[in-house]
Amino acid sequence: MNIFAEIRTSVIETLDAMVADGALPAGLSWGNVTVEPPRDPGHGDMATNAAMVLAKPAGQLPRAIAEALAERLQNDSRIDSAEVAGPGFLNLKLAPVVWHDIVAEAVDAGKSFGHSGMGAGVKVNVEFVSANPTGPLHVGHTRGAVFGDALASLLDFAGYDVTREYYINDGGAQVDVLARSVYLRYLEAHGKEVAFEDGTYPGDYLIPVGAALKDKVGDAYLEQDEDVWLAEVRAFATEAMMDLIRSDLSAIGVRMDAFFSEKSLYNTGRIEAAIDELKKKGLIYTGTLEPPKGKVPEDWEPREQVLFRSTAHGDDVDRPIMKSDGSWTYFAPDIAYHWDKIERGFDELINIFGADHGGYVKRMNAAVSALSDGRVPLDIKLTQLVKLFKDGQPFKMSKRAGTFVTLGDLVEQVGADVTRFVMLTRKNDAPLDFDFDKVSEQSKDNPVFYVQYAHARVRSVMRKAEAMHLDWSDDAKLEDPAEFAVARKIAEWPRLVEIAARTHEPHRVAFYLYELASEFHSLWNKGNDLPHLRFLQDGDPKATAAKIALPRAVGVVISNGLSILGVTPVEEMR
RNA sequence: GGCCCCGUAGCUCAGAGGAUAGAGCAACCGCCUCCUAAGCGGUAGGUCAUAGGUUCGACUCCUAUCGGGGCCGCCA
C-alpha cells in the first residue's frame, strides 16, 4: 500500500464531499492535487497543496479552503492533525497506528512489499546492450546492461509485463570484418603468418575462434576465395561472439528473454513490409536532402534517395532508408525491427542507447510514432560515458593498444554486485566516475558498502534474536522519534517504486536505499546511548519481539531494493 | 551551422511546479566497559551558469545568451 496515495484518496473524497454540499463549486479538477512528504520533517508527515491549486478555479482564498478541508479531514482516523501553513499548505500529522501498520505490512508482505499495480496489463519491451557481435562487452556496454536490467526489474516490480531484449546487429558490414578477422586467426591456427591490416579486428579473443574453426572444417578453407567461406565463417564467428556476450551478460547477472537477429529481417520481405506500412501512410518518397548546414562534407554532392518523411513525426530532417545502389541503409532494418515489436503487441517500448547514439533518438521516435499512429510510446534512455580511475588517477583505455577494459575485467576485479550498484548510483544521462579502488573500499564513502552494512546489521540482529526463541510478531512498538523516522522511510518505499518506474529511473532506488540505511544506522547508534532503543533487549524475549519488527522491515525493504538493482544482500561483512 | 545531454556547497552528486534548495567527501568539534565505531551526532559552507518570461508559487516549464560534452547525407 502506498500510504501517500491512500491519504490522497481521502483528500479527494473530502473535496468531493465539499462540492456535494456546496462548500466548493462543481466542475473542479483534482488532477494537480498532490499529497507528498514535506521536505522539512517539522512540517508533519505529509502535506497537500489542494487549497493552493484550487484557490483560483474555485474563486476562494487558499487559506479558507485549507481550513475547511482541515476540519473535515479530522474525520479520517488516520489523520491526527491537519494544520494550515505557509501560503496554503495543509500539513498532516498521521496517527502512530499508521506507521505501525506499515511496518507490519512490510514484515508480512516480505518480497512483495512495494509491488504496485500501476503496470498491470501493460506489456513493455526493454531493448538494451545490443552491442555488435564482434567482441567482448566493455565498460560502456556494462553500464547499458546494468541500467537496462535494473530498469526492467523495476518495471517488473511495479507490475508491468516486461520483456528484456537484445538486438543482434548481424546484418551489416561489421560482421564481414569479423569473419575476415576470424579467417586470419584460422590461417594462423594452421601455422601461417598473417598480418592484421586496418579494417580487421586484431583482438586476442578471436584466437580460440580461429582454432575452433580449424577444428570444425580442417583445411577446407585454406587457399580459398572469400566467396567460398565468407558466409559460413560469418555465421560461425557471429555465433561464437554471441556465446561470448551471453557469458559476459551472465557474469553481470543479466538474462535476456529474447535475442532478435537483424539478419532475419533481410531477404524475408520483412523490411519491405515495414516500409510498405510507411508508404501506405504516405511517408516514403524519393528526393534530395539539403547538405548539413555549417559543416559541409568535402565530397558532398546532391543525391536522389529514397527517404522517410520523419519530419512529419518530429524529426529535424527526413532520413534516407535506401542507398544509391538500391540496398538498405541501417535505418531500414531498424524500422522493420520496431515494426515487429509493435506487431508483437507491446504497449510501451524502451531502448537503452549509448550517448553516442543520441543522434538517432528523433528518427527512431518518428518511426515508431508513424508505425503505431502514435499509440505506442518509445522512450529512449541514453547512458553517458564511464570514466575509469585507478587510485584517483584517470585510467586511459585504448582499443589499439588492447588496453580497453572489459566487463570481464570489472567483474574479476570488483565483482558483479559492486559494479552494478556503483553504476546505478548515477543518473543514466550523467557521466559516471568509476574508481577501481574506491568502489571496493569498506567505508561510508562507498554507498554499496554502506547499504550492505545496514543489511548485515539487520541480519546480525535477526540471528541473535533467533537464538532467544522469542514469539515473532509483526507488531512494532514505536516510541522514539528515531524509530518513527525509520518507519516513515519504509512507508515511502511503495511510492518511490512508482515514481522510479514512471520516470524510468532506477537510480532513485539506489539513492533511496542509501537514505534508508542512513536512518537505520542512526537509530542503531542511538541504541548505544539509550539501551531501551536496542533491538535486542537482554534476557527479555517479549520486549525484543516488540522491537524486532522494525529492523525486520528494514531488512525486507533493503533486500527488495537490492534485488531490483540486481545486487545480492549480504548476511555479514567480512 | 543544426540537434541532443549537462551546468546546484571547495569536490562528487541528489532534488513529480511547492514552504528556509539537500546528502556524501574534504575542514572543524564531539560519541565505543553498550545489538558490528566498517558507525553516529554537531558546526561551517549556495547569486541552483546568466538574463528575461509563464505561474498564487520556478532548481524544476518556455525563450535567449554563455560554458562543457556528444552527434550530424549511401558506417552500424
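From a predicted model like this one, the values you see are computed outputs, not experimental measurements. Per chain, numbering begins at 1; letters A, B, ... match sequence-line order.
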Applying a 4.0 Å non-hydrogen cut-off, can you work out what [X] is touching in the nucleic acid: base, sugar-phosphate, or nothing?
X	result
A/Phe535	base
A/Ala55	nothing
A/Gly527	base
A/Tyr450	sugar-phosphate
A/Val317	nothing
A/Ala465	nothing
A/Arg426	sugar-phosphate
A/His507	sugar-phosphate
A/Asn49	base
A/Asn91	base
A/Glu262	sugar-phosphate
A/Pro62	nothing
A/Pro531	nothing
A/Lys362	sugar-phosphate

Between B/U65 and B/G41, how far is it from one P atom to the other, in whole Å? 46 Å

Whole-Å C1' distance, B/U33 and B/C29: 24 Å

Residues [X] and [Y] bridged, charged N to O under 4.0 Å:
X	Y	result
A/Glu127	A/Lys341	yes
A/Arg488	A/Glu519	no
A/Glu492	A/Lys489	yes
A/Lys93	A/Glu83	no

Does the side chain of A/Arg39 get closer than 4.0 angstrom to OP1 or OP2 of B/A19 through an N or O atom? yes

Pairs counted only when both distances fall under 3.5 Å, Watson-Crick or G-U: show me the 5' to 3' dot-bracket for RNA chain B, [ ] for pseudoknotted crossings and | for other-strand partners. (((((((..((((....[...)))).(((((.......))))).....(((((..]....))))))))))))....

Any donor-acceptor pair under 3.5 Å between the side chain of [X] and the base of [N]?
X	N	value
A/Arg457	B/C35	no
A/Asn525	B/A37	no
A/Asp356	B/G70	no

Residue list, salt bridge (charged side-chain N to carboxylate O under 4.0 Å, His left out) with A/Arg508, at least two apart or on another chain: A/Glu505

Does the aromatic ring of A/Phe89 sit over the six-membered base ring of B/A19, closer than 5.5 Å centre to centre and tilted less than 30°? yes

Report yes or no: do A/Tyr285 and A/Asp318 form a side-chain donor-acceptor pair below 3.5 Å? yes

Does a side chain donor of either A/Glu498 or A/Ser116 reach within less than 3.5 Å of an acceptor in the other side chain? yes

Tell me, do A/Ser327 and A/Tyr266 make a side-chain contact under 4.5 Å, heavy atoms counted? no

Report the nucleotide, chosen from B/C74, B/C56, B/C35, that has the shortest atom-to-atom distance to any side-chain atom of A/Lys56. B/C56

